[in-house]
Amino acid sequence: MKGSVTVVGLGPGDEAMVTPEVTQALARATDILGYTPYVARIAPRDGLTLHPSDNREELARAAHALDLAAQGRQAVIVSSGDPGVFAMASALFEALEAAPHHLGVQIAILPGITAMLAAAAAAGAPLGHDFCAINLSDNLKPFALVEHRLRMAARGDFAMGFYNPRSASRPHQFARVLEILREECEPQRLILFARAVSTPQQTIRTVTLAEATPEMADMRTVVILGNSATRRVGEWVYTPRSSGTLP
Ligand code: SAH
């Protein structure tokens with residue numbers, strides 16, 4: 001049987017948010033590769049080999065999946081959320097570029113519900129108009145580039161979703177992010193801290209930019225900043241479909 005690599009998104013946590021095509025791919029897999037906590041979501045069974053690995057080993061993991069596929073195995077790489085959003089799909093194509101002898105391997109990328117969209121739905125519709133997503137981690141890019149993109153997006157009056165806002169290894173950068181946003185946006189701008197979305201630990205906290213503190217975010221939080229028109233209606237937060245201001 002011809003081998004394959006399928007990169008799947010497991011969604012934000014709730015099993016009801018795993019798509020049927022992802023469930024089918026997992027059922028057909030002979031090998032599951034991924035960051036340890038994501039692989040832990042997969043039930044072991046006969047004929048299935050689990051390959052958990054560290055989160056800094058993305059390229060090696062992708063190369064391993066291509067090798068397994070070349071041996072005729074059905075390798076599935078699991079990501080949380082969507083595999084194309086700050087996750088394994090790009091890493092797979094980087095590995096493929098570095099190993100062109102694998103260009104004949106059958107590949108499929110199966111989308112999932114990304115954290116910012118699950119968080120937005122739980123809060124209302126804060127991303128109801130133009131928005132962008134920024135990964136605040138400087139693992140793969142200089143922090144100066146994070147700062148630049150943030151400032152430009154704020155000047156463009158985009159609503160924004162921030163991934164990887166704050167970790168133990170870089171506790172100060174999110175404070176700098178809030179500082180830049182306060183320079184560019186009005187103090188009443190709404191900002192949402194959505195933690196462990198779609199799990200039993202889910203919390204969503206909406207405050208103004210003036211009230212926001214760095215401690216409100218951790219690595220299980222996706223942060224959503226509204227645009228200049230984002231507002232509350234009852235318990236909900238939404239961004240009108242026609243909104244935004246020119247500088
Ligand atoms: N591919 C994933 C993102 C991986 S980066 C996706 O599409 O969602 C990891 C970051 O995603 C975390 O630091 C956090 O910012 C966000 N995240 C992932 N799952 C989350 C959840 N259930 N609730 C809140 N944020 C989450």
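Quick caveat, the model's predicted, so the values are computed rather than measured. Whatever order the structure lists ligands and atoms in, that order sets their numbers, starting from 1.
A search for side-chain contact (heavy atoms from CB on, under 4.5 Å) contacts involving R220 returns R195, A196, T199, Q201, D218, not counting sequence neighbours.
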**Asked** Between T208 and Q188, does a side-chain hydrogen bond (donor to acceptor under 3.5 Å, both in side chains) hold up when you go through it step by step?
**Response** CA-CA 5 Å; T208 64; Q188 295 312 309; 4.7 Å; no
Under a 3.5 Å threshold, I'd like every N/O contact between ligand 1 and protein atoms, with atom names and distance.
unit_1, atom_1, unit_2, atom_2, d
ligand 1, 1 (N), S80, O, 2.9
ligand 1, 1 (N), D82, O, 3.0
ligand 1, 1 (N), V85, O, 2.8
ligand 1, 7 (O), D82, N, 2.8
ligand 1, 7 (O), D82, O, 3.4
ligand 1, 7 (O), T114, OG1, 2.6
ligand 1, 8 (O), T114, OG1, 3.3
ligand 1, 8 (O), A115, N, 2.9
ligand 1, 13 (O), N164, N, 3.3
ligand 1, 13 (O), N164, OD1, 3.0
ligand 1, 13 (O), M219, O, 2.7
ligand 1, 15 (O), N164, N, 3.1
ligand 1, 15 (O), T221, O, 2.7
ligand 1, 22 (N), P12, O, 2.9
ligand 1, 22 (N), V197, N, 3.3
ligand 1, 22 (N), V197, O, 3.1
ligand 1, 23 (N), A196, N, 3.4
ligand 1, 23 (N), V197, N, 2.9
ligand 1, 25 (N), R220, O, 3.4
ligand 1, 25 (N), V222, N, 3.4

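Salt-bridge annotation for R189 and E186: present, with a side-chain N of the basic residue lying under 4.0 Å from a carboxylate O of the acidic one. Residues R182 and E179 are not paired through a salt bridge, judged by the lack of any N-O separation under 4.0 Å between the basic side chain and the carboxylate.
Looking only at atom types and distance, the side chain of S228 has a donor-acceptor partner in the side chain of D157 under 3.5 Å away. No side-chain N or O of T30 forms a donor-acceptor pair with one of Q74 less than 3.5 Å apart.
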